[in-house]
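Just so we're on the same page: letters track the sequence lines, and every chain starts at 1.
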Amino acid sequence: MRLPRPLCKGLLLAAACVAAAGTQAQLPVEKLGQNTTLPFPPDPHRSYIVDFEFNNMVATRVVVVDPDQRKVLGMLSTGGAAPAVLSHDQKTVYTADIFFERYVRGKRTDVITAWDTSSLSPRWEVEIPSKRASTLTERYGLSTSADDRFVYIYNFTPSTSITVVDSKKQEVVNELAIPGCILNYPAGERRFASLCGDGKLQVITLDDNGQEVNRTATRFFDPDEEKLIERAVGNGDTYYFVTTEGHVRGVDLSGKKPKVLPDWWLTTKQERQEGWAPGGWQLMAVAPELNRLYVLMHPDHAPHKWEDPSQTIWVYDLKTRKKVDTMETPSLVWSLNATSDDKPLLLGTNIEGGLDIFDLTKGEYVDTMDGVSKTPTLVINH
Amino acid sequence: MRLPRPLCKGLLLAAACVAAAGTQAQLPVEKLGQNTTLPFPPDPHRSYIVDFEFNNMVATRVVVVDPDQRKVLGMLSTGGAAPAVLSHDQKTVYTADIFFERYVRGKRTDVITAWDTSSLSPRWEVEIPSKRASTLTERYGLSTSADDRFVYIYNFTPSTSITVVDSKKQEVVNELAIPGCILNYPAGERRFASLCGDGKLQVITLDDNGQEVNRTATRFFDPDEEKLIERAVGNGDTYYFVTTEGHVRGVDLSGKKPKVLPDWWLTTKQERQEGWAPGGWQLMAVAPELNRLYVLMHPDHAPHKWEDPSQTIWVYDLKTRKKVDTMETPSLVWSLNATSDDKPLLLGTNIEGGLDIFDLTKGEYVDTMDGVSKTPTLVINH
Amino acid sequence: MKFLDRFFERSTRHVASTTSRRRFLGRLGSFLVAGAAMPVLLPVDRTAKALAAESPQAGDPGDPTSCDYWRYCSVDGFLCSCCGGTVNSCPPGTQGSEVTWVGTCRNPADGIDYIISYNDCCGKHSCAQCACTRNDSEEPMYRPFNNNDINWCLGADANVYNCTVAVIRGVAKAG
Amino acid sequence: MKFLDRFFERSTRHVASTTSRRRFLGRLGSFLVAGAAMPVLLPVDRTAKALAAESPQAGDPGDPTSCDYWRYCSVDGFLCSCCGGTVNSCPPGTQGSEVTWVGTCRNPADGIDYIISYNDCCGKHSCAQCACTRNDSEEPMYRPFNNNDINWCLGADANVYNCTVAVIRGVAKAG
């Protein structure tokens, strides 16, 4: 007689069953598992890798991974190198997709797709004007208000504007021209900033219907004096920008008008003389619980290297603005993000498609998940 | 004075111009070149690499190359790992595309796209039933009648049938059920064969309206005795099939009923004992002007290796059915095709995406075009 | 064989965990080839991928994220175990195809040949993880239900292929 | 730097054929940085790719299928010269974008800084040949017409990117 395995388990006849398996116990017939879902709330380390698929760029993806288990959890199939952003309530991944009827030609349809973070399936979509900026994916091309009510999409035609989608009504409620300015750095429930070519920071405030109620422009930097990299990192309503030379400019967007914070340098004069400067794609990350800033740094700075990957990460205390540590990785890392829990990881996408994992409690590189993506431009976390 | 370069050329003042270039001659302002076309008739060595893009499989491609110049000439963007076939008049590449409204979901649209071989642009398309077989691309999933009037598309739902598109009317004119049989091996102007699971070869003859006028079934092989690889190679209306063990079965489809040709072995008894057998994807090619057959061969045959790539190609004289030569390549080649001119090349797609080039006049490997594609399942030539 | 490390992964010792084609042909065609050698059973090394592996059952040895795993004897595609699914369940947001191909694989733990269905999970594009091709019990395409070169997502809402699972459907032949 | 051989190709000696960012900034912003070092001009090696190269003109040295080529000082993408086009013409069946970004590159033959427009060719998906990224005269995205991280196919019928050409549009500054 062959005991089916569930029976073995049920009867707790472990010894007998092992013996049976050793002779002729059959494995039971199985069913195909469907409708797999991921737990909610998500593990605080769950990571979403935005994969540009540069060698294709039509059918693109977001890869969802568990960096602690080094496990792929699933993926989202996106259209046209879509940017992605997570809702604050952890329930939704928004992607801003572009679809063509014949993949590379024919009628274009732009949509915001709202994906469920547990089922990794689309929950709803809304068609938006066919203006979405198509760039190497960067943060703040797509963002959400703090209460997740509004989704802001950066448009570039090359005129620049912001499409406002109301996630409650599931419809487009506004398009705001932002001439000479780019991106949307969200602040609070109804405000976003844009970085302008004249060196100003423009802030638009909306009402609950997505209509503009206020717009300000504040001098922030001198674009003829320095290159301020637009790929900032946010920590709540505070954003840190850095120049290609390592000059940090912070701004607090929590009030009605932006409050420009005292500027500081990533490097000492001596370090600059030695050739240290930042470089990378998403080259900075903040771990809010540690109040620390992580920056990809190059030892052999040259002006054209500002978007190059690096194996070196410098660590700063955001309170003292001092460098407190250095981390090294065997990979060339291009984009960083840190998790927002109190035992945070730093995640770095490397140029071979892998994800480098750093334990920020220990302050060190832990491991690399090789080959989980193709052209990972960004990693984002809840 | 700075002489503009066109003036230099016009005046034939070569020496003066070189001198000028050495000092301060400016390069002229240019215009963006558009509407590039390839010459017609195409060079007989022009090759079309069907790229499955296995790591994507939504947006896929056919890469067009000049193997003599080792030059990419352009590409076609196809949908859903489309099969491709060339018209006999050399004017058209047909691809059988599948498009989804949201790339991986939503409404499906199947089309035949007729691409101009000079402009590499679609000339027309016709919607076909959403039944097209989706397989690792192989020959005879898509074919044309000798006069290019009809395009035959193999369907698998898993019921099997053939959609017939009239290229003159640019519409679907028929769908023929071929239960238990697969693919369409075209013969003459109005006939195609299908290979059946019961070991028969079914031949359907159409009239000028694409309607069936005759259907025959002829015993061809014993599927319980041998595995006959369906990826045959055609030489005019004669097709050569081979078993996984190296037993060649030819058939002449030029007459009303298929004429099964005498069978023969790729290997001597001793070679079989030594472990030689064929293996690969499109594992055979014919150079019609040389009347030679080229087969990917393995020295360490095992049943599960029948689709494996190889570095060894054996050459046969189709008249004497004797092995006349061996060619070796540094790459692992998976699919073969030979050009039909009198100074033919053999082209082999290798498993790293490259194209291996063999000069059949010299009988030797010449070079490899590395990295011209991703997952090249087939190469086809005019 | 450098092929193994590049285009597709394949078990370097896959003979160990699988039955021969001849044996399979025999079962299907009521035709048993005399002299089909019994493959030597070798242990399957799981240490290298221990972290990524799912919990193995006794009696079902091996790492379902490895192409070596015995059930994968006729798989051709991406292993769902590496894609957010498991050996027999689809990743989140994908749909399992209801039509499929089958293979016959020998379980090295009990010496039994099992019928394995290789269901494709569909509706997202290529997972592109753990590509694995093994053709041990594969037949040419005129026997489609034993052929792995077909995108079996034809049994799903969208025929877009993500990955493949290996589900035990019964016993083909006791060892 | 192993980066060069992998993610994107980039000239290992690209400083040779290009002007510095400071110089470029100076031109645009009417602001000349003192002490911007004149880059050393090194010869560009064409032998390795001789077969694939287009015929070079005297006065326009280098291999347009190589990322080293002087005109590519601010390119970020696939070189149309490797895709069926040429240094300044789109491959068959693609459409050139009518809006574009510009860079300033120094021609090593005449020491002149040229304004180069990097037009994207569109309507087919990524050529995926000769990926090349060089950011010598690139600006952050708030100066979009000097930024190469944007898909400039927005000026074409379909914003699907195939490859990039480098067209001489004039002289920025005599050498």
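With values rounded to the nearest 0.5 angstrom, B:Gln34 atom CD is found 6.5 Å from D:Gln95 atom CD. Separation of atoms CE (B:Met75) and SG (D:Cys83) is listed at 8.5 Å; rounding is to 0.5 Å. To the nearest 0.5 Å, atom CG of residue D:Asp60 and atom CD of residue B:Glu30 are 7.0 Å apart. The CD1 atom of D:Ile168 sits 10.0 Å away from atom CD of B:Gln26, with the distance rounded to the nearest 0.5 Å. Atom OG1 of D:Thr94 and atom CG of B:Leu120 lie 9.5 Å apart (nearest 0.5 Å). Atom NZ of residue D:Lys124 and atom OG1 of residue B:Thr78 lie 10.5 Å apart, to the nearest 0.5 angstrom.
Both the backbone and the side chain of D:Val167 come within less than 4.5 Å of a heavy atom in chain B. Contact of B:Thr60 with chain D is made through the backbone alone, with heavy-atom distances under 4.5 Å. Contact of B:Leu32 with chain D is made through backbone and side chain together, with heavy-atom distances under 4.5 Å. Looking at B:Val65, neither its backbone nor its side chain comes within 4.5 Å of chain D, counting heavy atoms on both sides.
Looking at every heavy atom in both residues, B:Lys71 comes nearest to D:Gly85 through NZ-O, 4.1 Å. For the residue pair D:Trp70 and B:Leu27, the shortest heavy atom distance occurs at CZ2-CD1, 3.4 Å.
Annotation: maximal heavy-atom pairing with chain D below 4.5 Å, among B:Asn35, B:Asp116, B:Thr36, B:Val29, occurs at B:Thr36. The most heavy-atom pairs under 4.5 Å with chain B, out of D:Ala128, D:Pro92, D:Ser89, D:Ser126, come from D:Pro92. Taking chain D as the reference chain and counting heavy-atom pairs below 4.5 Å, the highest number among B:Ser119, B:Ser118, B:Ser373 is found for B:Ser119.
Panel note: side chain B:Arg61, backbone D:His125; no donor-acceptor pair is recorded below 3.5 Å.
Atom CD of D:Glu98 has 12 or fewer heavy atoms from other residues, nucleotides or ligands within 6.0 Å.
Between D:Gln129 and B:Val372 there is a side-chain heavy-atom pair separated by less than 4.5 Å.
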